[in-house]
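Structure, as C-alpha cells:
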Amino acid sequence: MKEILFVLCAYLLGSIPTGLLLGKAFGIDIRKQGSGNIGATNVYRTAGKKLGILTLLGDCLKGLLPVLIARAAGLSEAMIAGVALAAFLGHVYTVFLGFKGGKGVATALGVFLGISPLAILLALAVFVPVLYKWRYVSLASITAAGVAPLAVAVIEQRVEPTAMALVISFIVVWRHRENIARLRAGTENAFR
Ligand code: NKO
C-alpha cells in the first residue's frame with residue numbers, strides 16, 4: 001500500500017514543469033520559443049543562463065528526491081526503481097500539461113544520481129566531451145542515454161536498476177526524435 005503512495009507522489013512531483021513555471025514567472029512561455037521544449041536547455045536558450053541552471057537543478061531534484069526518500073523508507077530495490085521511473089515519467093508525460101512534457105534528461109540525471117552515482121560519472125564522461133566537441137546538448141544527451149544503461153549494468157550488476165535504466169534511456173532517445181531529424185538535416189540549434 002505504502003508503495004502505491006510513493007509511486008503516485010513521485011509521479012506528481014516529477015510532473016511539476018519547473019522550466020515552464022520559471023519561464024512564466026518571468027513572462028516567457030518557453031513552449032513557444034526555441035525548440036519549444038520545457039527542459040533546461042531551452043530555458044537557458046530562451047530565458048537566460050540563471051533560469052536554465054535553476055531548471056536543471058529543479059528537474060534533477062524531482063528525480064533524486066523520490067529515490068532518496070524511497071530508500072530511507074526502506075522500499076525494496078524493485079520498488080525504488082519503480083519510484084524512480086514514476087518520477088521520470090511524470091516529467092516526460094506530465095498530467096499538468098495534457099501528458100506532454102520534457103525530454104527527461106535532467107530528471108534521469110537526478111534518478112541515476114540516487115541509484116548509481118558512479119554510472120552518472122561514466123555518462124558525464126561521455127556527455128561533456130560530446131557537448132564540447134559538437135556543441136549540441138541533444139547529441140550529448142542521446143549519447144549519454146546510450147551509455148547510461150550499460151554503465152548501470154556493469155556497476156550495479158542487478159536487474160532492477162538496469163531494467164529501469166534501459167526503459168528510461170529508450171524514452172529519452174525517443175523524446176529526442178525531432179532533435180535527431182534536425183541533427184541529420186544539419187539544422188539543430190548549437191549550444192553556446
Ligand atoms: O531544447 O531540444 P532542446 O535542444 O534540456 O533540448 C535538448 C536537451 C533536452 O534536455 C535538457 C536537459 C539538459 C540537461 C543537461 C545536463 C545533463 C548532464 C547529463 C549527464 C548524463 C545523464 C544521463 C541520463 C541519460 C538517460 O537534450
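Nothing fancy with the numbering, it's 1 onward along the sequence. Ligands are counted one by one from 1 in listed order, and the atoms in each one are counted from 1 as well.
At least one N or O atom of N179 sits closer than 3.5 Å to an N or O atom of ligand 1. Checking only distances, H176 does come within under 3.5 Å of ligand 1, N or O to N or O.
In terms of protein heavy-atom proximity, atom 12 (C) of ligand 1 is closest to V105 CB, 3.8 Å. Among all non-hydrogen protein atoms, the one lying nearest atom 20 (C) of ligand 1 is L124 CD2, 3.6 Å. In this structure, the protein non-hydrogen atom closest to atom 13 (C) of ligand 1 is T41 OG1, 3.6 Å. Of all protein heavy atoms, the one closest to atom 19 (C) of ligand 1 is F127 CD1, 3.7 Å. Considering only non-hydrogen protein atoms, atom 25 (C) of ligand 1 sits nearest to A145 CA, 3.7 Å.
More than 12 heavy-atom neighbours from other residues, nucleotides or ligands sit within 6.0 angstrom of CZ on F96. Around the NZ atom of K2, the shell of radius 6.0 Å holds more than 12 heavy atoms that belong to other residues, nucleotides or ligands.
In this structure, the side chains of E188 and L139 stay at 4.5 Å or more apart for every pair of heavy atoms. With a 4.5 Å cut-off on side-chain heavy atoms, D59 and I38 do not count as touching. With contacts defined as side-chain heavy-atom distances shorter than 4.5 Å, the pair I168/F112 qualifies. Using a 4.5 Å heavy-atom threshold, the side chains of S35 and T41 count as separate. Proximity of T107 to L64: side-chain heavy atoms (C-beta onward) are nowhere separated by under 4.5 Å. Annotation: side chain of L124 is in contact with side chain of I120 (closest heavy-atom distance under 4.5 Å).
Salt bridge annotation for E160-R158: absent, with no cationic side-chain nitrogen under 4.0 angstrom from a carboxylate oxygen.
The heavy atom nearest to atom 16 (C) of ligand 1, out of those in T143, L56, I53, is found in L56.
The proximity of E178 to ligand 1, defined as any non-hydrogen pair under 4.0 Å, does not occur for either the backbone or the side chain. Residue N189 does not touch ligand 1, judged by heavy-atom distances below 4.0 Å.
Near S35, the atoms of ligand 1 lying under 4.0 angstrom from a non-hydrogen atom of the residue are 1 (O), 2 (O), 3 (P). Atoms of ligand 1 lying under 4.0 Å from any heavy atom of K103, numbered from 1 in the order shown and given with element: 2 (O), 3 (P). Taking a cut-off of under 4.0 Å to the non-hydrogen atoms of S138, the atoms of ligand 1 that pass are 27 (O). Under a 4.0 Å criterion applied to the non-hydrogen atoms of N42, ligand 1 contributes the atoms 1 (O). Near G39, with a cut-off below 4.0 Å to any heavy atom, the atoms of ligand 1 are 5 (O). The R45 neighbourhood of ligand 1 comprises atoms 1 (O), 3 (P), 4 (O), with distances under 4.0 Å to a heavy atom of that residue.
Taken from CD1 in I80 to CZ in R71, the straight-line distance is 5.0 Å, to the nearest 0.5 Å.
Within the structure, the closest approach of A40 to ligand 1 falls below 4.0 Å when heavy atoms are considered.
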